[in-house]
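Input: a single structure, listed below in structure tokens.
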Amino acid sequence: MNSNGVSSSSPVSDQLEAAIVRALELALAAEELPSGLALPSEVTLERPKNRDHGDYATSIALALAKPSGFNPRKIAELLRTYLLADIIIKDSISAIDIAGPGFLNITLANSSQGSIVASILSEGDKYGHGSALAGKKINLEFISANPTGPLHLGHTRWAAVGDALGRVLSAAGAEVTREFYINDRGNQMELFGASLRAAALGLPVPEEGYHGGYITDLANAIKDRSPEYLSLPEADSLDAFRDAGYALQLLDQQRVLENFRTHFDIWFSEKSLYENDFFKHCLERLREQGHVFEDGGATWLRTTDFGDDKDRVMIKSDGAFAYFASDSAYYISKRERGFEICIYMLGADHHGYVNRLKAIAACAGDDPNYNIDVLIGQLVKIMENGEELKLSKRAGTIITLEELVEKVGVDAARYTLIRYPVDTPMVMDVDVLRSRTNENPVYYVQYAHARICAVLRNASDLGITYGADQIHPELLENERERELIGALAEFPRVVAGAAELREPHRIARYAEELAGIYHRFYADCRVLPMGDEPATELHSARATLCSATARVIANSLALLGVTAPEKM
RNA sequence: GUCCCAGUAGCUCAGUGGAUAGAGCAACCGCCUCCUAAGCGGUAGGUCACGGGUUCAACUCCCGUCUGGGACACCA
């Protein structure tokens, strides 16, 4: 509660939605709408693009026109009357206009503008967090690179987006576990070991093996530390190089990711799926569901029962486990560890895996449209000096995550990777990311934050107080002020939407919009007194609004794992 | 052949079925003797690839076509 007597326990938009539902129910009960009219399960409230259309608008009257047989403007009239009489909401509304074919345009009262600012200040770094996904236990798997080399540009998009999605899901109330799946068994690991040993012996690396310069470095490091590996029998020597290389490479990946502010709760070993008869247990579970069969000496999962285009081998005719065996067991492991929703973030080159992963869930008796959620990310290109940097593993010209960070810094790299929807290819331009102009959105947003901090420092120097007791909403009547408050009020809905749609880029786009609105406010509304002007309540009110804006920008950036500097 | 993604301003891209489709860059014109100009305002720029359909309402949903990119394994 605040001095204006308006509850701030839920966002005004939620209260409005609830009030519209109440209005519809009352109109129905009073038989002012045809009995038996099915009401929509949700009333959508939107922020009109055009500010002349109020703070919020709903098209519910238009949607109900057809089923009710009523003129939409008449329905809008009914709703307007009930809303203006609604005990809970009426004081939050200053006007409701009916426009066009039947839109309800709602303008908020000053008091509810004030309550928005008050809740931002009281909730602090929790403002924007909600309960849209409360109680959901989510496993978020991303990157999952082979431990046979450094993380490169392709992994970097997932590192940024996956981490941000984890933060967003948590903010929406979900219980999130971030997991990195380590492909630590199979042919690639053997090739890795063979490549390292060959490099250490000065022999040519196997044709299909690993080449880049890091292999030589790694091989030399192992050789220096454990020269005795070279005198072991060949099979043991290969194992020793493989295991040592794996351990070093994994540590390196972990170090690089922590430096990139991407944290994993669990590093899950593929090998562990085969320990303690776990795989056998998984196979039994799948068999019970009736989708396992034998053919040609191999053991298959009949994924075609659930929309896959062909059945998949789990155990090959030679007795070796196919990769699909691990995929299946891993999914079951996640579910048995209590995760209700398993999110997989995969590269576009793995899009063919979507159907088979969903089929695994279905074969295990789960709902493939709920328990498993596969996100496909498109590729990233990188430009520098106007040219695309060609990535070739063989030529050793891969750009690593670490190199990218050296070039542009963690903030710019993370922000840029997150601000695009993952299902579209993107181009990172190193020169833009180093620039300090409007071209570079991360600076645009951070600058807004730093600018506010500077204003607030000056306010303190001038003895101007600001805070929850200085909101004075009745003084904030400038169009720019109302626009700014309206944008601040949207933040919780943006977070909830980003979480539900698994689209963290929405947070970045919102932050940019908010920063733009603040910059325009700053240009039009002088916050601090000029010269010898005495300080007034308006100065305090605007400084308070600045403080709330800085809070929301900082919260947005926090969800992206980007810093909010106080000085730039 | 099957499947996935994309096609929106000169360029790079946003856009949850709503009202006059947006931003940055590039072009042009303006704004700091007072809060951070890493900022703000203005002008100009559009057949939302094309054709149907659904809807009170389609850039948005469905079907088809065209163009571009990518993927198909008893590899991992």
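OP1 or OP2 of B:U20 has not a single side-chain nitrogen or oxygen of A:R51 nearer than 4.0 Å. Between A:K310 and B:U2 there is no side-chain N or O to OP1 or OP2 distance below 4.0 Å. Between A:R312 and the phosphate of B:A73, there is a side-chain N or O to OP1/OP2 separation shorter than 4.0 Å.
A donor atom on one side chain and an acceptor atom on the other are not found under 3.5 Å apart for A:T549 and A:Y518. Looking at A:E512 and A:Y415, their side chains do bring a donor and an acceptor atom within 3.5 Å of each other.
No donor-acceptor contact under 3.5 Å links the side chain of A:D52 to the base of B:A19.
When the P atom of B:C3 is taken as reference, atom CG of A:D309 falls 10 Å away, rounded to whole Å. Distance A:K358 NZ to B:C4 C1': 14 Å, rounded to the nearest Å. In this structure, A:E479 places its CD atom 14 Å from P of B:G41, rounding to the nearest Å. Separating the OH atom of A:Y323 from the P atom of B:A73 is a distance of 14 Å, rounded to the nearest angstrom. Between the CZ atom of A:R356 and the C1' atom of B:C75 there is a distance of 11 Å, given to the nearest Å.
Stacking between A:Y444 and B:A38 is absent: the ring centroid is not both under 5.5 Å from the six-membered base ring centre and under 30° in plane angle. Put simply, A:H351 does not rest on the base of B:A71: the two rings are not both less than 5.5 Å apart at their centres and under 30° in tilt.
Considering only residues two or more places apart in sequence or on other chains, A:Y331 meets the ring pair (Phe, Tyr, Trp, His ring centres under 6.0 Å) condition with none of them. When the salt bridge (charged side-chain N to carboxylate O under 4.0 Å, His left out) test is applied to A:E294, the partners found at least two apart in sequence or on another chain are A:R287. Shown here are the side chain to side chain donor-acceptor pair (under 3.5 Å) partners of A:R414, two or more places apart in sequence or in another chain: A:D163, A:T262.
Helical stems of RNA chain B (runs of at least 3 Watson-Crick or G-U pairs, donor-acceptor distances under 3.5 Å) are listed by first residue: B:1-7 with B:66-72, B:10-13 with B:22-25, B:27-31 with B:39-43, B:49-53 with B:61-65.
Of the two residues near RNA chain B, A:F321 and A:A63, the one whose nearest nucleotide lies more 5' is A:A63. Along RNA chain B, the nucleotide closest to A:T58 and the one closest to A:K66 are compared, and the more 5′ of them pairs with A:T58.
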Per-nucleotide protein contact along nucleotides 23-36 of chain B, 5' to 3', at a 4.0 Å heavy-atom cut-off (B base, S sugar-phosphate only, - neither), is -SS--------BBB
For each nucleotide in nucleotides 5-15 of chain B, reading 5' to 3', give B when a protein heavy atom comes within less than 4.0 Å of its base, S when such contact involves only the sugar-phosphate, and - otherwise. SS------SSS
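Distance check: A:Y274 OH to A:R185 CZ gives 4.5 Å after rounding to the nearest 0.5 Å.
A salt bridge links A:D309 to A:R312: one of the charged nitrogens lies within less than 4.0 Å of a carboxylate oxygen.
A cation-pi arrangement is present between A:R451 and A:Y522, with the terminal nitrogen or guanidinium carbon under 6.0 Å from the aromatic centre and inside a 45° cone about the axis.
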